Protein chains: 2
Amino acid sequence: MSPSHSSLSFQKDSIGVLIGLVRSELVRALEAELQASGVDLRFTQFLILKRLAVAGPMSASELARSVELDGGAMTRQLDQLEGRGLLRRQPHEQDRRALRIELTPLGRTTWEQMTPCNDRVLKAAQKALDDTEREQLRDYLERVLTALRDKN
Amino acid sequence: MSPSHSSLSFQKDSIGVLIGLVRSELVRALEAELQASGVDLRFTQFLILKRLAVAGPMSASELARSVELDGGAMTRQLDQLEGRGLLRRQPHEQDRRALRIELTPLGRTTWEQMTPCNDRVLKAAQKALDDTEREQLRDYLERVLTALRDKN
DNA sequence: GAATAATATTTGTCAAGGCAAATATATTCT
DNA sequence: AGAATATATTTGCCTTGACAAATATTATTC
């Protein structure tokens, strides 16, 4: 279709486009795995629970920064996740403005159900790369991230 | 901060998280470049115009698929971009259901203003990689994308 | 060739995130 | 100490995108 532009249409995607595509496939794959495992969580909620499980309790704003989510959006996600009994808002001991967000036992159980999903998706994504290439990919991505962040 | 979990917090990001971070930095950087060049476009609108400029006129649904945007969302983006005079909806010659979306001269001029922004961002992102590494990064990302899409 | 299925576009509805304002508390400066 | 500033959380408002339904047209099947 539209053969008159085929010479132009076959140009390779830029790194930027490629990264966007990979990201959306990763999100899609993870949400599919979660659903297939009976875990009713969206990608953002998965990230929040994962962060709490891996890094331990923290304030809502620390959590928001660490998953790159807006503070207001975080409040609403916490409302939902707390309403479902997956986490708790406790008072912060040193700072009365802040909260200490912590997983409940149910939240931890849920995390244990999701972590195999995460592993499967990452494994599937990297199945065409050997160990050396995986390390290189990570290294390149880290360098790209640093370059973008240091752009002064 | 939160020294009681430092041993866990210093774990490396997964490839998944890393790709998400790179993507959001790329979007941020591109939108900043556009704004600095006086081009009032969001990332999605940039993608649409770029696609039309590079691949030529196409139907709305082809365009939607090629930038991974929902059809309904595309209709509204086209409303906006057409309203600003950047593109036109023409009748499709072979298919009376469909449209032929094409850039206006203003759309083309705008594209010429944005393409240096795109180039600067991609160059900045890859400045810490040499030519070989850039090719490898692209190759790895393509293989990851294929692996995710072929997961049967 | 009529019936059925598929596709293109549009519109309505909803969920999610960004931004800004409001409030409460901490921190810094003088 | 007191004032000014910064940060944490919440809420309201707005934009965007996904999903589903509606309509128009094309493609396929019987």
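These numbers were taken from a predicted model, which means no experiment stands behind them. To find a chain, count down the sequence lines: A is the first, B the second, and so on, and within it residues start at 1.
Rounded to an integer number of Å, the gap from CD1 of Ile48(B) to P of dG17(D) is 8 Å. Rounded to an integer number of Å, the gap from Asp70(A) CG to dA16(C) C1' is 10 Å. Atom CE of Met58(A) and atom P of dT9(D) are 12 Å apart (whole Å). Atom CG in Leu41(B) sits about 12 Å away from atom P in dT16(D), given to the nearest Å. In this entry the distance linking CG of Leu69(A) with C1' of dA15(C) reads 13 Å, nearest Å. We find that NE2 of His92(B) is positioned 9 Å from P of dA8(C), with the value rounded to whole Å.
Arg76(B) contributes a side-chain N or O that forms a donor-acceptor pair with the base of dG12(C) under 3.5 Å.
The phosphate of dG17(D) has OP1 or OP2 within less than 4.0 Å of a side-chain N or O from Thr44(B). Close to dT10(D), at under 4.0 Å from its OP1 or OP2, lies a side-chain N or O of Arg89(A). Between Gln94(B) and dT26(D) there is no side-chain N or O to OP1 or OP2 distance below 4.0 Å. Between Arg96(A) and dA26(C), a side-chain N or O to OP1/OP2 separation shorter than 4.0 Å is present. Close to dT10(C), at under 4.0 Å from its OP1 or OP2, lies no side-chain N or O of Arg97(B). Taking 4.0 angstrom as the limit, Gln77(A) places a side-chain polar atom (N or O) nearer than this to OP1 or OP2 of dG17(C).
Of all nucleotides listed (dA8(D), dT16(D), dT9(D)), dT16(D) comes nearest to the side chain of Arg42(B).
In this structure, Thr75(A) reaches the bases: a heavy-atom distance under 4.0 Å links it to at least one base atom across the strands shown. Across all strands shown, Asp95(B) has heavy atoms under 4.0 Å from sugar-phosphate atoms exclusively, and none from any base. Using a 4.0 Å heavy-atom criterion, one finds that Gln80(A) contacts the sugar-phosphate atoms exclusively.
In this structure a side-chain-to-backbone donor-acceptor pair under 3.5 Å is present from Glu31(B) to Phe43(B). Listed for the Glu133(A) side chain is a donor-acceptor partner under 3.5 Å among the backbone atoms of Asp130(A). Although no hydrogens or angles enter the test, the distance criterion places a donor-acceptor pair under 3.5 Å between the side chain of Arg143(B) and the main chain of Ala128(A). For the pair Arg100(A) (side chain) and Ser59(A) (backbone), a donor-acceptor distance under 3.5 Å is absent. Formation of a donor-acceptor pair under 3.5 Å by the Thr104(A) side chain with backbone atoms of Gly85(A) is found in this model.
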